[in-house]
2 protein chains.
Amino acid sequence: MRKPSSAVLRDQVYDELGALIRGGQFVPGEKLTIRNLAKDFSMSPTPVREALYRLVSEGVLQGEANRSAFIPLLTPEQIAELKDIRLHIECFAAGRAALRGSPEIAARLRKTSAKLKRARAAGDRRSDLALVYTFQFELYAACDMPNLIRIINSLWLKTGPYLNLLFPHYIYAVSTDRGEWRERIAAGVENKDATAVAEEVRQDIDQSLTYIANIISAASMLKKAGGK
Amino acid sequence: MRKPSSAVLRDQVYDELGALIRGGQFVPGEKLTIRNLAKDFSMSPTPVREALYRLVSEGVLQGEANRSAFIPLLTPEQIAELKDIRLHIECFAAGRAALRGSPEIAARLRKTSAKLKRARAAGDRRSDLALVYTFQFELYAACDMPNLIRIINSLWLKTGPYLNLLFPHYIYAVSTDRGEWRERIAAGVENKDATAVAEEVRQDIDQSLTYIANIISAASMLKKAGGK
DNA sequence: CATGATGATTTGATATATCATCCCAGAAAA
DNA sequence: TTTTCTGGGATGATATATCAAATCATCATG
């Protein structure tokens with residue numbers, strides 16, 4: 001029961017690559033070549049190249065002229081930039097969403113959150129990340145601001161390849177530190193409590209991306225020390 | 001003395017179309033066909049289609065499946081959404097830029113502002129709009145946040161086709177209402193006064209897009225009243 | 001006069017062809 | 001052993017070919 005998402009091949013490729021990227025299925029630095037992907041997707045290179053071009057133009061992938069596109073290797077500073085932007089934009093979106101909240105939306109969020117908990121308990125990392133995405137965008141969708149959603153989507157794609165770094169330690173720590181924070185978001189959506197919802201989102205973005213930036217900089221220090 | 005911007009044809013097309021759109025050279029509703037543009041740019045349809053796809057994917061152009069892309073006809077509500085987003089993001093960027101300001105950047109802004117005044121006095125609408133863009137992005141560039149710049153760029157493309165509506169009345173009224181507000185921005189960049197700079201940007205976006213939304217809704221009322 | 005059918009043309013999407021550049025393995029030279 | 005050179009394969013960008021869907025003008029029909 002899969003949605004074709006679009007009859008247009010290039011959009012299918014974009015969507016599928018996007019899901020893979022958000023799900024952390026690509027490792028930073030990994031190269032994506034047109035012909036390989038075309039073979040994987042069983043189509044001609046044309047639609048693939050268009051989808052790749054779109055991702056490069058959004059800054060999700062990196063690609064110099066006449067070279068293959070690849071998942072960017074972000075520095076801690078670049079992660080920090082993305083964190084700042086995401087904090088500013090997503091807290092805004094979260095607040096707006098809360099103001100337009102409803103019991104129906106809260107119910108949907110709770111349902112997704114329950115699914116997420118099951119996937120997490122089962123150790124199903126792929127579903128986990130997919131449901132994290134679903135939850136957050138079900139929230140943001142309440143804003144009814146398509147342009148904003150598009151912007152946030154693109155931002156998530158940029159951090160996607162690094163979300164794997166949150167497993168397993170950070171993911172575990174969050175449940176003790178912030179507990180049932182998604183439930184608090186659902187409650188905030190019910191009560192139209194913009195401040196509370198925005199604050200939960202703020203903490204999530206701030207903590208997770210700070211954690212990722214720390215890991216990256218620790219890794220780069222180790223690499224330097226290790227030499228070769 | 002023109003910069004080729006990119007050796008890649010699709011990027012050239014994107015940049016040139018972007019400049020035309022930001023300069024209000026297309027009228028809302030106008031259709032852009034691949035083959036026509038390819039002829040205009042003297043190239044094959046391939047790079048043109050890729051540039052158009054990029055613009056459609058950003059939401060700058062509208063395009064249903066298997067139909068030509070066209071400049072969207074925005075409703076007052078959609079303008080209001082763009083206004084909300086631009087207010088939120090660009091005030092953020094303006095504040096950040098001010099904090100990282102310097103006399104050099106202020107000098108550059110003043111230079112651009114002077115050029116803008118000359119173009120405006122001469123009634124050169126195309127240069128006018130181009131310099132409005134230059135000024136604002138010279139400001140935002142001071143943030144040193146490439147991802148943010150990209151987002152703002154895309155937002156400007158979306159409002160670009162409507163900037164013509166600001167001429168001549170609004171443009172004239174601003175100079176009496178807000179006077180030398182670009183000079184105040186330059187001064188704020190010199191003093192690293194984030195609040196002042198953000199406030200000037202806020203007023204500019206708020207007033208201009210409110211004005212545009214009003215014109216659009218007035219026009220649609222007239223159309224309805226006028227009948228067929 | 002309004003409406004619906006129809007066929008030619010336009011147009012976008014995809015596949016394929018072509019070309020220049022890049023990349024890399026392996027040979028030749030230091 | 002290391003470095004430099006070189007040629008073939010890989011790869012991206014663009015042009016072209018092909019096809020299906022959409023558009024439009026025309027004409028027939030009510």
Side-chain angles (χ1 to χ4, degrees), chain A residues 2-18 20-21 26-73 157 227-228, chain B residues 2-18 20-21 26-73 157 227-228:
Chain A
R2 205 163 271 266
K3 53 187 172 188
S5 69
S6 168
V8 181
L9 290 184
R10 59 182 174 217
D11 290 328
Q12 288 177 33
V13 174
Y14 178 84
D15 291 342
E16 300 218 27
L17 283 179
L20 291 173
I21 291 170
F26 293 116
V27 57
E30 185 168 351
K31 198 162 61 168
L32 301 181
T33 67
I34 297 174
R35 283 169 170 88
N36 279 346
L37 290 171
K39 196 171 354 165
D40 292 347
F41 288 123
S42 311
M43 60 182 69
S44 92
T46 305
V48 173
R49 215 196 43 264
E50 291 174 352
L52 281 184
Y53 173 56
R54 177 172 173 189
L55 289 167
V56 170
S57 76
E58 287 181 13
V60 173
L61 297 181
Q62 196 174 333
E64 331 281 313
N66 288 335
R67 262 196 290 287
S68 301
F70 58 92
I71 309 280
L73 289 159
L157 286 175
K228 154 52 194 288
Chain B
R2 206 163 268 267
K3 52 187 169 185
S5 70
S6 166
V8 181
L9 290 184
R10 60 184 175 219
D11 289 329
Q12 288 177 32
V13 174
Y14 178 83
D15 290 342
E16 300 219 27
L17 284 179
L20 292 173
I21 291 170
F26 294 116
V27 57
E30 185 168 350
K31 196 161 63 166
L32 301 181
T33 67
I34 296 173
R35 284 170 171 87
N36 281 345
L37 289 171
K39 198 174 350 169
D40 293 346
F41 288 123
S42 312
M43 61 181 69
S44 92
T46 305
V48 172
R49 216 197 42 266
E50 291 174 351
L52 281 184
Y53 173 56
R54 177 172 172 187
L55 288 166
V56 169
S57 76
E58 287 181 14
V60 174
L61 297 180
Q62 197 172 334
E64 331 280 315
N66 288 334
R67 263 196 289 289
S68 301
F70 57 93
I71 309 280
L73 290 159
L157 287 175
K228 145 97 178 265

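Order of the sequence lines fixes the chain letters, A, B, ..., with proteins taken first and strands second; residue numbering starts at 1 for each chain. Quick note: numbers below take in every heavy atom, side chains included, and nothing from hydrogens, waters or symmetry partners.
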Checklist entry - Of the nucleotides C:dT11, D:dA15, C:dA15, which has the atom closest to the B:Thr33 side chain? => result C:dT11
Checklist entry - Just how far, in rounded Å, is C1' of D:dA10 from CG of A:Asn36? => result 10 Å
Checklist entry - Any side-chain heavy-atom pair from A:Ile21 and A:Val60 closer than 4.5 angstrom? => result yes
Next on the checklist: I need the NZ-P distance between B:Lys39 and D:dA15, as an integer number of Å.
Outcome noted: 16 Å
Checklist entry - Given atom CG of B:Leu9 and atom P of D:dT14, what is their separation to the nearest angstrom? => result 4 Å
Next on the checklist: Whole angstroms only, please: what is the CD-P distance between A:Glu64 and D:dA13?
Outcome noted: 12 Å
Checklist entry - Are any of the side-chain heavy atoms of B:Asp11 and B:Arg54 separated by less than 4.5 Å? => result yes
Item to check | Interatomic distance, B:Arg10 CZ vs D:dT14 P [rounded to whole Å] | outcome: 6 Å
Checklist entry - Nearest-Å distance, CG (B:Leu37) to P (C:dT11)? => result 11 Å
Checklist outcome for this item: With the side chain defined as heavy atoms from C-beta on, A:Ser44 is closest, among D:dT14, D:dG12, C:dT16, to C:dT16
Checklist entry - Quick one: salt bridge (charged side-chain N to carboxylate O under 4.0 Å, His left out) partners of A:Arg10, sequence neighbours excluded? => result A:Glu50
Checklist entry - Are B:Leu37 and B:Leu52 close enough that some pair of their side-chain heavy atoms sits under 4.5 Å apart? => result yes
Checklist entry - Which comes earlier along DNA chain C counting from the 5' end, the contact point of B:Ile34 or that of B:Thr46, where each point is its nearest nucleotide? => result B:Ile34
Checklist entry - To the nearest 0.5 Å, how far apart are OG in B:Ser68 and CG in B:Leu61? => result 11.0 Å
Item to check | Interatomic distance where CG belongs to B:Leu32 and C1' belongs to C:dT10 [whole Å] | outcome: 16 Å
Next on the checklist: With rounding to the nearest 0.5 angstrom, report the NZ to CZ distance, A:Lys31 to A:Phe70.
Outcome noted: 10.0 Å
Extract from the structure each pairing of a protein N or O with an N or O of nucleotides 19-25 of chain C at less than 3.5 Å, listing the distance.
none

Checklist outcome for this item: Taken to the nearest whole Å, CG/A:Leu61 to P/D:dG12 is 12 Å
Item to check | CG-CG distance between A:Leu17 and A:Leu32, expressed to the nearest 0.5 angstrom | outcome: 7.0 Å
